[in-house]
Structures are given as structure tokens and as C-alpha cells.
Number of protein chains: 2
Amino acid sequence: MAGPKGSKYYDVFLDYSIFLSREESKELVLTHEQFQLLLLIEEFGSLTAAAKKMDISYRKAWELVRQSELKLSFTLIDKSRGGRDGGHSTLNPDGKLLVDAYRQLRDEFDESVKRVVKKFFQTINK
Amino acid sequence: MAGPKGSKYYDVFLDYSIFLSREESKELVLTHEQFQLLLLIEEFGSLTAAAKKMDISYRKAWELVRQSELKLSFTLIDKSRGGRDGGHSTLNPDGKLLVDAYRQLRDEFDESVKRVVKKFFQTINK
DNA sequence: TAGCGATAAGAAAATATTTACATAACACAA
DNA sequence: TTGTGTTATGTAAATATTTTCTTATCGCTA
């Protein structure tokens with residue numbers, strides 16, 4: 001999925017999200033949304049810009065970052081105020097590592113999705 | 001992740017959820033929670049039992065099923081009231097196919113997670 | 001030194017979600 | 001014909017989340 005025209009699954013897409021959680025308590029540590037935000041911060045070097053791209057308020061984006069770092073108990077982002085451009089936010093080395101692992105997993109997942117979807121449509125068309 | 005003792009990622013787990021969405025509108029069609037519910041309905045043959053297992057109210061579980069079928073515009077579950085046991089809910093052939101695809105993807109994802117996590121800890125320990 | 005654009009953060013208002021409650025139908029069995 | 005356990009569904013109450021507004025700080029630049 002997405003399936004071929006005429007299939008029940010036309011225009012429907014089998015998708016996934018990646019997140020971090022505590023193994024024992026199952027508490028969410030980093031949601032898919034928080035990962036997306038990190039990717040956008042990396043791309044734009046700005047929390048304001050990332051928030052706009054995600055179509056959420058700056059206030060919410062700021063809270064997402066705050067919660068990410070609070071839950072992990074280490075920082076992911078270097079932030080600064082003032083200066084020529086008003087300030088910026090960039091991933092620190094820990095943030096980069098995490099985002100790199102995320103990207104690797106995403107790439108592997110994308111391949112899995114393709115394989116399984118192909119098999120699915122072979123099955124329902126037999 | 002979960003990482004080795006002493007690692008920043010000790011007790012933290014890299015995880016995922018699978019869902020269905022509309023390719024163009026990005027509208028959610030079947031959430032992870034709805035997939036979980038289908039799995040439990042398959043296992044127990046009852047919406048009431050599945051709701052209890054998921055620790056949500058019957059009312060909510062019923063709404064999740066209703067929305068699933070509404071969004072897909074075809075049914076996934078055969079439901080009946082009355083009878084010896086009061087009634088039951090079971091997956092119909094479409095429901096079974098979907099749940100089977102879900103399980104296949106889940107199995108492939110689990111392997112991917114293992115691979116990537118291993119690589120991650122090789123990286124941060126070098 | 002005034003302005004600009006970004007981060008920082010509290011608080012209230014607006015929305016959305018979830019739970020709780022209530023009532024009913026259904027079909028079998030005792 | 002009454003009881004039992006399930007599905008069916010509307011409504012109100014309770015919670016949670018998100019947005020909006022506001023005020024502040026920071027450091028370069030004109």
C-alpha cells in the first residue's frame with residue numbers, strides 16, 4: 001500500500017513512526033514529533049524556522065525541545081540568543097548521533113515497507 | 001538502545017509504531033492503537049475483552065473500530081449480539097489480511113531495530 | 001543607543017480528547 | 001419469561017492539549 005488503482009487500498013499508505021521510550025516504565029522519552037523537530041532544527045539551524053515548517057507554534061516547539069532534554073537528562077541542542085540573526089539553535093554532538101541513528105533506521109524501514117507491501121498485493125491479487 | 005549499563009541510553013528503547021494514512025491528504029486512516037485493537041479482537045474474539053486488555057473503555061474501543069471501518073469504507077470485523085456468551089467480534093477476511101501484513105512488517109522492523117541499535121552502540125563506543 | 005530577530009517562559013483562553021453514565025437491543029439458556 | 005454478557009450509541013462531565021498573548025533577554029548592526 002499504496003495499492004494499485006481499483007484496489008481497496010488505493011491512495012492508502014502503510015507508514016510508521018519512530019520514537020524512544022523507557023524500557024521498564026514504557027514512558028515516552030522522544031516522540032516521532034520530537035524527532036521530526038530535531039531533523040528540522042538540524043536543517044534550518046533555528047527553532048523558529050523549524051516550528052514554522054512543522055506548522056506548530058514556537059511555544060509548542062520550545063516545549064517539545066525542553067521536554068526532550070528533560071526526559072533524556074542531557075541536552076541535544078545548542079541554543080543562543082542575540083547576534084546578527086537574532087540567535088540560532090543547532091544540534092550538539094549527542095543530538096547529531098541520535099538523529100543519525102534515526103535516519104539509519106528510517107532507511108531500513110523504508111525498504112521493509114516496500115518489500116511487505118509488494119508481498120501484500122501479491123497475496124490479495126492471487 | 002536499550003544501551004549497555006553506564007551508557008546514556010541505558011533503559012531507553014528505540015521503538016516504532018505502524019499505521020495507515022491517506023497518501024495525499026496525510027489523514028490518519030488506522031492508528032497504531034487501532035491495529036493493536038484488531039490484534040486483540042483476533043486473539044479474544046470479543047471487543048469487550050480486547051478493550052479490557054488494552055485498558056481502555058468499551059465505549060472508546062467501539063469508537064476506534066467504528067472509525068477504522070468508516071475511514072476505510074469497508075468492514076474489518078464481524079460482530080454479533082446475544083447468544084450463549086452474549087455476543088462476539090471477530091476479524092473478517094479483510095481484517096485478517098490487514099493484520100497479517102501488519103505482523104509481517106512488524107517482524108521485519110524488529111530485525112531492523114536490532115541491526116541499527118547494534119551499529120549505534122558500536123559508533124558511540126569507538 | 002535604538003532596532004531587529006531569535007530564544008525564554010508564564011498564564012489564560014480555546015479546542016480536543018477521554019471518560020463516565022445511562023439506556024437499549026439481542027439471542028440463547030435456565 | 002427472566003437473567004446474562006455482549007454489542008450499540010447518545011450525552012454530559014472531566015481532563016488534557018494547544019494556541020494565543022504577553023513580556024523579557026540577548027547580542028550584533030546601523
Side-chain angles (χ1 to χ4, degrees), chain A residues 17 19 21 26-72 74-92 95, chain B residues 17 19 21 25-72 75-92 95:
Chain A
S17 66
F19 53 92
S21 54
K26 305 297 174 195
E27 178 199 26
L28 264 172
V29 174
L30 247 171
T31 66
H32 171 75
E33 190 180 31
Q34 283 163 317
F35 267 118
Q36 296 309 305
L37 187 57
L38 291 181
L39 289 170
L40 290 170
I41 289 170
E42 183 186 42
E43 184 176 357
F44 293 108
S46 153
L47 187 50
T48 298
K52 267 182 195 135
K53 206 74 185 179
M54 272 187 76
D55 203 33
I56 58 176
S57 62
Y58 170 82
R59 185 64 180 74
K60 187 182 174 185
W62 175 83
E63 186 65 27
L64 287 175
V65 169
R66 195 178 77 89
Q67 286 298 327
S68 298
E69 298 185 330
L70 201 68
K71 291 271 179 67
L72 282 170
F74 56 86
T75 63
L76 298 169
I77 288 173
D78 288 333
K79 288 162 272 189
S80 80
R81 289 190 286 193
R84 182 160 31 82
D85 303 319
H88 53 83
S89 293
T90 55
L91 297 188
N92 69 17
Chain B
S17 66
F19 54 90
S21 53
S25 65
K26 305 295 173 197
E27 178 200 26
L28 265 172
V29 174
L30 248 173
T31 66
H32 171 76
E33 190 180 31
Q34 283 163 319
F35 267 118
Q36 295 311 303
L37 187 57
L38 292 181
L39 289 171
L40 290 170
I41 289 171
E42 183 186 42
E43 185 177 355
F44 293 108
S46 153
L47 187 50
T48 297
K52 266 182 196 136
K53 207 72 185 180
M54 273 186 76
D55 203 33
I56 58 176
S57 64
Y58 170 82
R59 185 61 180 78
K60 186 180 175 186
W62 175 84
E63 186 64 27
L64 287 176
V65 169
R66 196 179 78 88
Q67 287 298 328
S68 298
E69 298 185 330
L70 201 67
K71 291 272 178 68
L72 283 171
T75 63
L76 297 170
I77 288 173
D78 289 331
K79 289 162 272 189
S80 78
R81 289 190 285 194
R84 184 161 28 83
D85 302 321
H88 52 83
S89 294
T90 55
L91 296 188
N92 69 17

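Throughout, protein chains are lettered first and strands after them, A, B, ... in sequence-line order, and every chain is numbered starting at 1.
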Please tabulate, one pair per line, each protein N/O and nucleotide N/O from nucleotides 26-30 of chain C that are separated by under 3.5 Å, including the distance.
from	atom 1	to	atom 2	distance (Å)
C:dC26	O2	B:Gly82	N	3.0
C:dA27	O4'	B:Gly83	N	3.0
C:dA27	N3	B:Gly83	N	3.1

Minimum heavy-atom separation for A:Leu37 to A:Ala61, with atom names?
->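 Between these two residues, the closest heavy atoms are CD2-O, 3.6 Å.
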
Check whether more than 12 heavy atoms from other residues, nucleotides or ligands sit under 6.0 Å from atom NZ of A:Lys71, and answer yes or no.
-> yes

Neighbour count >12 (heavy atoms, 6.0 Å) for atom NZ, B:Lys79 | yes

To the nearest angstrom, how far is B:His88 atom NE2 from D:dT4 atom C1'?
->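 Checked: the NE2 to C1' distance equals 15 Å.
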
Report yes if some heavy atom in the side chain of A:Lys60 is under 4.5 Å from a heavy atom in the side chain of A:Glu33; otherwise report no.
->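 Heavy-atom side-chain distance check passes, below 4.5 Å.
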
Can you find a pair of side-chain heavy atoms, one from A:His32 and one from A:Phe35, that are under 4.5 Å apart?
-> no

Does A:Ser89 put a side-chain nitrogen or oxygen below 4.0 Å from OP1 or OP2 of C:dT7?
-> yes

When you match A:Lys79 and A:Asp85 each to their closest nucleotide on DNA chain C, which lands nearer the 5' end?
->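 The residue mapped nearer the 5' terminus is A:Asp85.
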
Tell me the side chain to side chain donor-acceptor pair (under 3.5 Å) pairs involving residues 81-92 of chain A, sequence neighbours left out?
->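 For residues 81-92 of chain A, and leaving out neighbouring residues, the side chain to side chain donor-acceptor pair (under 3.5 Å) pairs sorted by first residue read A:Thr75-A:Asn92, A:Ser80-A:His88.
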
Side chain to side chain contact (heavy atoms under 4.5 Å, CB included) between A:Glu69 and A:Val65, intermediate numbers included = CA-CA 6 Å; A:Glu69 298 185 330; A:Val65 169; 4.2 Å; yes

Please say which of B:Ile77, B:Ile41, B:Leu40, B:Leu64 ends up in a side chain to side chain contact (heavy atoms under 4.5 Å, CB included) with B:Leu47.
->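 Exactly one pass, corresponding to B:Ile41.
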
Within residues 37-69 of chain B, find the residues that approach DNA chain C with a heavy atom at under 4.0 Å, and present them sorted by residue number.
->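 Hits under 4.0 Å, by residue number: B:Arg59, B:Lys60.
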
